[in-house]
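Step one of this worksheet: look at the structure below.
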Amino acid sequence: MAATTVKAEPLGQPPEEKVAERVDYLNLPCPIPYEEIHREALMSLKPDVFEGFRFEFNKGLNPQFGLSHSVYMGLAEIPSQSSETIKIPTAQYEFGANFMDPKLLLLGRVLTDGRLNARAKWDFTDNFSLKANALLTNEPHMSHGMFNFDYKGTDYRAQFQLGNGALFGANYIQSVSPHLSLGGEVFWAGQHRKSGIGYAARYNTNKMVATGQVASTGMVALSYVQKVSEKVSLASDFMYNYMSRDVTASVGYDYILRQARLRGKIDSNGCVSAFLEERLNMGLNFNLSAELDHSKKDYKFGFGLTVGQ
Amino acid sequence: MANRARGRTGKGAPAEEASAMKKVKEWSNWTLKKAKVVVHYGFIPMVIIIGMNSDPKPQLYQLLTPV
């Protein structure tokens, strides 16, 4: 079949090839979940930079069950009214337990000050799943919880959210072509008496991902990630809030090498950051993090070690 | 006399509904508070129990030793 099309090649494409490329609109792929629409840009541009020393030990008792112990010593920022950031040295220990099954995922992390961060995900059937997320503290009125009910169809996904403080939300995303998916969301927050509606679009090919999101809260977010080669990808991000006239643009790179992963970015707020994760040996990872905020004169450097089987 | 009776029932029904709603709100607040305490103290032990009973079943000492 290929030989005949090559021999009979005119300037345009031969008709057999055109028919093979026609899109089957009844068989589109399932889109990415709505909250992960900016996933590639977020992974490349927002690594979790930290300040101080972080040590993490992950112990797997079972392919499904593991415990984690993590120690952090460094400076924690206290939000303050003045432009100066106030940092207080803190040290904390975090114990975590996680259980990962194909159908059930449970993750719990508890800190020394009593804060619990819990996540659970249960797939009742192939298409329907329930997710729950909670951050519980000992202080009254500072705890949050959220439940999500997801339904995955053949080429669409729908989600309904229920949170504390009378927070209701729903979102829907649909694949309209093999590369393009469009979605929308609506939410209502009872406690703050706010409601909003938003739209998002995502276009992806093997080499690039472009996403855009607009919301009635005044947020416009655009991002573009290009995979330049197997090891390198470049990303850029633009966020604009038309109510508060706040603009941030950032450009970054992501090198995924055999033994290391290096991510760096520069921001329009004068903030430069970099994050390196290096695999020293099997089960031993070394992290270096740096964030230089030239406009606020706030420089943060951190290093950490992760030991895990 | 009939007007006064009708007036009283007219004001009585919305007041009953309001107190029923109040009771439902109080109950739901109470259950949420208790549920929050239960989840706060019991989530991690529950994950550990589910994990220790999954197979291959790990031993108890593996929970405590660092290796």
Side-chain angles (χ1 to χ4, degrees), chain A residues 55-69 71 94-111 113-122 132-147 162-166 190 283 307-309, chain B:
Chain A
F55 176 76
E56 199 175 308
F57 175 57
N58 293 325
K59 179 177 167 151
L61 280 82
N62 218 345
Q64 295 164 332
F65 176 52
L67 295 175
S68 88
H69 305 267
V71 175
E94 181 188 82
F95 174 70
N98 29 302
F99 179 73
M100 283 184 251
D101 202 35
K103 290 247 169 184
L104 175 66
L105 168 79
L106 294 170
L107 211 98
R109 299 256 179 282
V110 66
L111 288 160
D113 55 9
R115 271 186 292 165
L116 171 71
N117 190 349
R119 275 184 54 194
K121 176 173 187 282
W122 183 27
N133 208 336
L135 176 60
L136 302 176
T137 58
N138 278 329
E139 294 160 38
H141 303 298
M142 293 285 281
S143 313
H144 308 290
M146 181 123 97
F147 286 93
L162 189 62
N164 79 330
V307 180
Q309 290 100 329
Chain B
M1 277 270 272
N3 286 346
R4 248 188 290 156
R6 235 180 283 139
R8 246 178 295 159
T9 46
K11 270 183 227 155
E16 275 176 23
E17 276 178 25
S19 72
M21 280 301 292
K22 257 195 213 167
K23 282 202 178 132
V24 166
K25 267 192 192 167
E26 267 177 40
W27 266 23
S28 63
N29 272 351
W30 181 88
T31 45
L32 277 175
K33 283 202 178 125
K34 297 298 174 196
K36 185 228 166 200
V37 174
V38 166
V39 171
H40 203 159
Y41 283 103
F43 188 75
I44 295 229
M46 179 188 83
V47 175
I48 292 181
I49 288 174
I50 292 180
M52 294 300 277
N53 288 335
S54 65
D55 47 26
K57 195 165 162 148
Q59 303 289 321
L60 194 56
Y61 69 89
Q62 281 179 307
L63 205 58
L64 302 167
T65 54
V67 179

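Hydrogens, waters and symmetry mates are skipped; everything else that's a heavy atom, side chains included, is used. Throughout, a chain's letter reflects where its sequence line sits, starting with A, and its residues are numbered from 1.
A distance of 5.5 Å separates CZ of Phe65(A) from CD1 of Ile48(B), quoted to the nearest 0.5 Å. Atom NZ in Lys36(B) sits 5.5 Å away from atom OG1 in Thr137(A) (nearest 0.5 Å). Note that CG of Leu104(A) and CD1 of Ile50(B) are 6.0 Å apart. Values are rounded to the nearest 0.5 Å. For the atom pair Asn117(A) CG and Phe43(B) CZ, the distance stands at 9.5 Å (nearest 0.5 Å).
Side-chain contact between His40(B) and Val110(A): absent, with no pair of heavy atoms (C-beta onward) separated by less than 4.5 Å.
Heavy-atom pairs under 4.5 Å with chain A peak, among Met52(B), Lys33(B), Gln62(B), Met46(B), at Gln62(B). Note on Ile44(B), Leu32(B), Val37(B), Val39(B): by heavy-atom pairs under 4.5 Å with chain A, the leading option is Ile44(B). Contact count versus chain B (heavy atoms, under 4.5 Å) is highest, among Asn164(A), Leu67(A), Asp101(A), for Leu67(A).
Heavy-atom contacts from other residues, nucleotides or ligands closer than 6.0 Å to CZ of Phe95(A) number more than 12. Within a 6.0 Å radius of CZ in Phe55(A), other residues, nucleotides and ligands contribute more than 12 heavy atoms.
Side-chain atoms of Ser54(B) and Asn62(A) include a donor-acceptor pair closer than 3.5 Å.
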